Engineer: 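My questions will all concern the structure given below.
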Protein chains: 2
Amino acid sequence: MLEMIDHHSDRAVYQQVADVVREQIASGELAAGAALPAFKTLALRYGVGIDVVKDAVVVLRNEGLLEVSRGRRARVRSVRAVEVIAAPPHARVSVRMPTPAERRELKIGEGIPVLIVRSDRAETIYAGDRSEVLLQGGP
Amino acid sequence: MLEMIDHHSDRAVYQQVADVVREQIASGELAAGAALPAFKTLALRYGVGIDVVKDAVVVLRNEGLLEVSRGRRARVRSVRAVEVIAAPPHARVSVRMPTPAERRELKIGEGIPVLIVRSDRAETIYAGDRSEVLLQGGP
DNA sequence: AGAGATTTGTACGTATGTATG
DNA sequence: TCATACATACGTACAAATCTC
């Protein structure tokens, strides 16, 4: 396993660790809901410090791939049921990361952006992992 | 200034530092394009370690509020010109964080999500800080 | 153009706190 | 109760990019 990490590469070691885990998620080797090995285990496996593993996990959490909470293993984020939002003609849809207040109110996890739908008067914000916008058109 | 950080609060110190800077950005005290003080300066100002400042900056970078690069001060991200994307009726719009490959190809900064527009056949991905989607109106 | 100072990035070490199982 | 596991926070050191003179 140690061959997978090159300490002399231009790419940072913690990014290399993130790359390996990201690929394992993409390939299905780590399925949705699966727990990662403990940080300490990963650190030993790849021959790096705990901090490096922690930094790699932060990267993947901020990509929306992992759910991390204290006291339990990091888990591959499950795909959530998506609610389809109907938007009227002339509505505009944009995206950004939520503020901490929005994350609390909408119960949005780390690494999940929000969808913002603006019509003539109203502006509504949706959790990006549970919503998608359907553009209604026609007469 | 030290009164702003409570080392005995339930809220983590690095989150408190992030809160202070976030509020300075929101209030305009730190304008778009403005450089933050050096990490070392902030650490002294708030009576915390360098790592705490670094962690706070990572939080704000991942919220899309700061641009950070080696050798130069962190800067408040400037609002970018937005290109309006016309989408046909029945197109669906969703959002997520980009993969590293997408970040490279579309030149997307840290903390910036992508907009995904799917019509019957095509799926197109746009940088979330430079694009918004407009539904073309009816007849 | 070049040298040196500044600043952030990365990596490792250590310790303590707190939630989970 | 107890062990496990992650979060936080202090420290140190060096590398690499940028800026200043």
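A, B, ... follow the sequence lines: proteins, then strands. Residue 1 opens every chain. Remember, predicted model here, so these are calculated numbers, not experimental data.
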Engineer: Rounded to the nearest Å, what distance is computed from the CD atom of residue B:Glu67 to the P atom of nucleotide C:dT7?
Structural biologist: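 In whole Å, C:dT7 P and B:Glu67 CD are 19 Å from each other.
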Engineer: Rounded off to whole Å, could you give me the CZ-to-C1' distance for the B:Phe39 and C:dT6 pair?
Structural biologist: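 Atom-to-atom, B:Phe39 to C:dT6, this comes out as 13 Å.
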Engineer: Where the side chain of A:Ala38 is defined as all heavy atoms beyond and including C-beta, which of D:dA5, C:dT10, C:dT8 is the nearest nucleotide?
Structural biologist: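 Taking heavy atoms from C-beta onward, the closest nucleotide is D:dA5.
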Engineer: Has B:Arg72 got a side-chain N or O lying under 4.0 Å from the OP1 or OP2 atom of C:dT8?
Structural biologist: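 No, outside the criterion.
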Engineer: Under the salt bridge (Lys or Arg N to Asp or Glu O under 4.0 Å) rule, what do A:Arg130 and A:Glu83 come out as? Steps first, then yes or no, please.
Structural biologist: CA-CA 6 Å; A:Arg130 301 196 292 269; A:Glu83 176 190 6; over 6 Å; no
Engineer: Taking atom C1' of C:dG9 as reference, at what distance in whole Å does atom CZ of A:Arg11 sit?
Structural biologist: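 Rounded to whole Å, this separation is 14 Å.
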Engineer: Side chain of B:Val68 only, please: which of D:dT8, C:dT8, C:dA11 is the nearest?
Structural biologist: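 Selected nucleotide (nearest to the side chain): C:dT8.
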Engineer: Which nucleotide, C:dT14, D:dC19, D:dA15, lies nearest any side-chain atom of B:Arg70?
Structural biologist: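 Nucleotide nearest to B:Arg70's side chain: D:dA15.
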Engineer: Say you draw a straight line from CZ of B:Arg96 to CD of A:Glu63; how long is it, rounded to the nearest 0.5 Å?
Structural biologist: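 It is 10.0 Å, given to the nearest 0.5 Å.
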Engineer: For B:His7 and C:dG17, give me the distance from atom NE2 to atom C1', rounded to whole Å.
Structural biologist: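 Between C1' of C:dG17 and NE2 of B:His7: 16 Å.
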Engineer: Classify B:Val57 by what it touches in the nucleic acid, base, sugar-phosphate, or nothing, heavy-atom distance under 4.0 Å.
Structural biologist: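 Nothing, no heavy atom under 4.0 Å.
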Engineer: With rounding to the nearest 0.5 angstrom, report the CZ to CD distance, A:Arg92 to A:Glu123.
Structural biologist: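 Interatomic distance, A:Arg92 CZ to A:Glu123 CD, rounded to 0.5 Å: 12.5 Å.
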Engineer: Taking for each residue the nucleotide of DNA chain C with the nearest heavy atom, is it B:Asp10 or A:Val13 whose nucleotide lies nearer the 5' end?
Structural biologist: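 The 5'-side residue here is A:Val13.
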Engineer: So what does A:Gly71 touch, heavy atoms closer than 4.0 Å: a base, only the sugar-phosphate, or nothing?
Structural biologist: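 Base contact.
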Engineer: Please find the pair of heavy atoms, one from B:Leu66 and one from B:Arg77, that lie closest to each other, and give the distance.
Structural biologist: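 Minimum heavy-atom separation between B:Leu66 and B:Arg77: O-NH2, 3.6 Å.
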Engineer: Rounded to the nearest Å, what distance is computed from the CD1 atom of residue A:Ile50 to the C1' atom of nucleotide D:dA9?
Structural biologist: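 Checked: the CD1 to C1' distance equals 15 Å.
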Engineer: Rounded to the nearest angstrom, tell me the gap between atom NE2 in A:His8 and atom P in D:dA15.
Structural biologist: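 Those two atoms, NE2 and P, are 12 Å apart.
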Engineer: Compare the minimum distances between each of C:dT10, D:dC6, D:dT8 and the side chain of B:Tyr14, then state the nucleotide with the smallest one.
Structural biologist: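 The closest nucleotide is D:dT8.
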Engineer: Can you check whether B:Thr99's main-chain N or O pairs, donor with acceptor, with B:Glu102's side chain at less than 3.5 Å?
Structural biologist: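 Flag set: sc B:Glu102 to bb B:Thr99 pair under 3.5 Å.
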Engineer: Would you mind reading off the distance between A:Lys40 atom NZ and D:dA7 atom C1', rounded to a whole angstrom?
Structural biologist: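 It works out to 15 Å between those atoms.
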Engineer: Quick one: B:Leu42 CG to C:dT7 C1', roughly how many Å, whole number?
Structural biologist: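 Interatomic distance, CG of B:Leu42 to C1' of C:dT7: 12 Å.
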Engineer: Nearest to the side chain of B:Asp51 - D:dA9, D:dC10, C:dC12?
Structural biologist: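 Closest nucleotide among those given: D:dC10.
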